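Here is the structure we will look at.
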Amino acid sequence: MDRAEDSRKIEDLVEKYGDDVLRICFVYTKDYAAAQDLFQETFIKVYNNLKNFRGDSSEKTWIIRIAINICKDYLKSAWIKRFIFLDEIKENSSTDVEGLVIDEIKKHEVIKAVLNLPPKYREVILLYYYFDFNTIEIAKTIGISETAVRSRLKRARDQLKNIFNEGEVVDYEG
Amino acid sequence: MKDDRKRFDLSELDKIKASKDLKTKTLNRCLDDGNKFKSFSLSKVSLVFAVIFAIVLSYVAIAVNNSKGIKVVKSYELKAAKSEKDLLNALKSVGMPARDGVFNLAQESAKSESPAHSTTNVQVEGIDEADIIKTDGKYIYSINSYKNELIIFKANDRAEIIKRLKVKDLYANIINADLNNLYLREMFIYVKEDKKYLVLLSGLIRYEQGKEEPYKKSTPSEKVDIMPIRWGDETTLISIYDIKDIDKFSLVKQFEVSGNILSSRINGDNFYLVTNKWMRYFIQDKNENVLPYYVDYDKTDKKIYIDAKNVLYNENNLSSNFTVISNINLNNFNIRMQSALGNFYQMYMSRENLYLITTQTEAVKPFEKVNGKDAVQSLENYKQKTLIYKFNLQSDVNYKGYGEVDGYIINQFSMDEYEGYFRIATTEESYNGKSFNTSNNVFVLDRNLKLTGSIRNIAEGERIYSVRFSNDKMYMVTFKQVDPLFVIDLKNPHNPKILGYLKIPGYSTYLHPLGDNRLIGIGLETADLEGRVINKGIKIALFDISELDNPKQISKLEIGGRGTFSESLYNHKALTVYKPYDLYAFDLYETRDDDSYTQIFRGLCLLRIDENEIKLLQKITQMDLLKNDNAVEYYDYGYRAVFVDKYMYVISNIGVTVLDLDEMRIIKNERI
């Protein structure tokens, strides 16, 4: 049965990329409840588009791109949150353990700094440093030019200067 | 880029893990929603998302309609719209007929008497491709994308700047647009007899008042830093400047055409530009004409819309995008416009023909029904096809026909025409219900794009990374773990054969022929990391292909560590070749070879490659020009080289460097 195959496939994808998708959604929204909602939206979209997956990128890049677009749509229309998620917040709210973990992460200095960046810098930093994408992959994923990626990375790093300085990054321009 | 991924540690995020509950809930929602194709998103916010997904939805709707019932054989033949009404009900057209033009057959450009100099590295000899840097042997024309300026240098040992043209200088005649939204893109130099033109292409976005992002006003004043999205009409300006006497640099002709640049060529006396124009129908005025148009600035600044009869379409392959082919005869400046409705994303041009490429996902099995409704379809039931549309360039751009092959292509180098036959290399993906598999194909099609011969299932499990055709041979690199270089004989179009292959680590993303017996590969070195293949630095390889059944790697050069990058990996025009000195130059962003991603060099790399070996001659940087000026580091990119006589000129967004090739000595290095 095709349906069975599809459901097996989506199960596999949720298992494989679920954590990463949730991390992306969290970094974009800074809100764990919203992140959990967007996580679901991402995989519903993935599921509905399984047949459209063209294989011109890796599975992972494809799913990350979908997650990013869902997050951006969400941010663009932030008022939706109040309208839509209100009734779901209760059932979605994290368990105590999860809540503690998130609180702890939010206190982490590097994470805090990154979360305080404007979204367009946050995303390049996340993709570059966490997902290990190169600038071309980032350009393809978020749909801007590679040079724009480079300049955003640079500006993001400028904003994160304090952290970099503490890390004693080698500055070849000495 | 100065960074150190290890020191900037985001691993704290690892602690975020999707709970079992969340996963189960998501899967349930997927399967619930699954029967409905349209459920792209939250049903509750579908109103908002409808705007965003309008294009996707219409596309999917078409796919669904087509697949109903059992229809395996489908035609994607284009036909001209019979009438405006016929084109699309949604298109309200008041098009005016495009002007007729007289077109000459392609002719050789006259040779100029300037000193030896490099030219843009193009795919097909004799057909020029636009680039950000050009030289005619006397002057160097460079687009500075950071400053949005055209800078003209004298090609002498001092490389003096003789002109620095800003947008407001170049486009003084455009009064009805905001020049802040104009970006210099690429250019050509066209020389014929006593004529010498600079053909400059720029992108312009004409934002219209009241056409802001639809829901922008609803965004609350939270500290969310989003650029409001504005919708504008995107057009391309084609400006032709007389550069015969550089002191009298002057505009001779200017057109504006709909859409964003896909690619452009100068073939003989004809300039061709292919643009893509999206319909923004979710904010389109009901009375607005959505057809592509052009403006002839000499005559009037009125928009002249394409005649609907010059728009081709096929109901099986509709898209909300017009691909526009503009053709300007550089003798008489007549313009012709032809358009096709569809999302064409690659093009290839031979001397006689233009090929436009699009892809189509097609159902290969009948749809199953569950309780009378269409069941959710598995990926197994679909395959991806590449559709090839051929336009003849003899007297006009005339649609000739279409052909189709399985799989998808990587870039313009995947295609070639030779003695009337069109050859194309594709990668095909299939899903057997458990895993994805790939295989690769080479197809030979005749003048009417009917298949004459093919080789299928080459290198199963791998994908094509680069292809180069050379007359009746082709070279192809596929990759998964190691890089096989295939040598394929296409002499008999009915029976293509694999002659030989070579397996080496790493892969090439660009192949460049050197004489008849050598092939240069530019790509990445790879390494095995606990079973995963990871990219390392850049690798330049020299292959001996004199024995076709036994290709050999005779020399190689590795540069940098993980994260090392060059634009030439993906853009052939970023590589400059200078035959008189056997020199090859490309931009380089080099990282330390210790997996730290720490950048140690940014600039240009100069190699000498002859029949026997690859030699690194120089690495030229302008980083030192930025001392005490950290703020500008991020626009230190766009390194390109041109060669004139015995000098190499390295021009980036920040500086110009002149290298004396006989002495291998830098004689000038300056901020611009």
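In what follows, chains carry the letters A, B, and so on, assigned in the order in which the sequence lines appear, proteins first and then strands, with residues in each chain numbered from 1. Model, not experiment: these values are computed from the prediction.
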Could you tell me which portion of A:Phe43 (side chain, backbone, both or neither) has an atom closer than 4.5 angstrom to a non-hydrogen atom of chain B?
both

Could you look at B:Thr438 and say if it's the side chain, the backbone, both or neither that has a heavy atom under 4.5 Å from chain A?
neither

Given 3.5 Å as the limit, does a donor-acceptor pair link the side chain of A:Thr141 with the main chain of A:Arg65, or not?
no

State whether A:Arg8 and A:Asp12 are salt-bridged, where the test is any N-O pair (Lys NZ or Arg NE/NH1/NH2 against Asp/Glu carboxylate O) under 4.0 Å.
no

Distance-only, no hydrogens or angles: does the A:Glu137 side chain make a donor-acceptor pair with backbone N or O of A:Asn134 under 3.5 Å?
yes

So, B:Glu429 and B:Arg463, do they make that salt bridge, N to O below 4.0 Å?
no

B:Asp624 versus chain A, heavy atoms under 4.5 Å apart: side chain, backbone, both or neither?
neither

For chain A, which of B:Ser19, B:Ser145, B:Ala18 has the most heavy-atom pairs under 4.5 Å?
B:Ala18

For A:Val27, which atoms come within 4.5 Å of any heavy atom of chain B: side chain, backbone, both, or neither?
side chain

Expected output: side-chain A:Tyr128 to main-chain A:Val149 donor-acceptor under 3.5 Å:
no

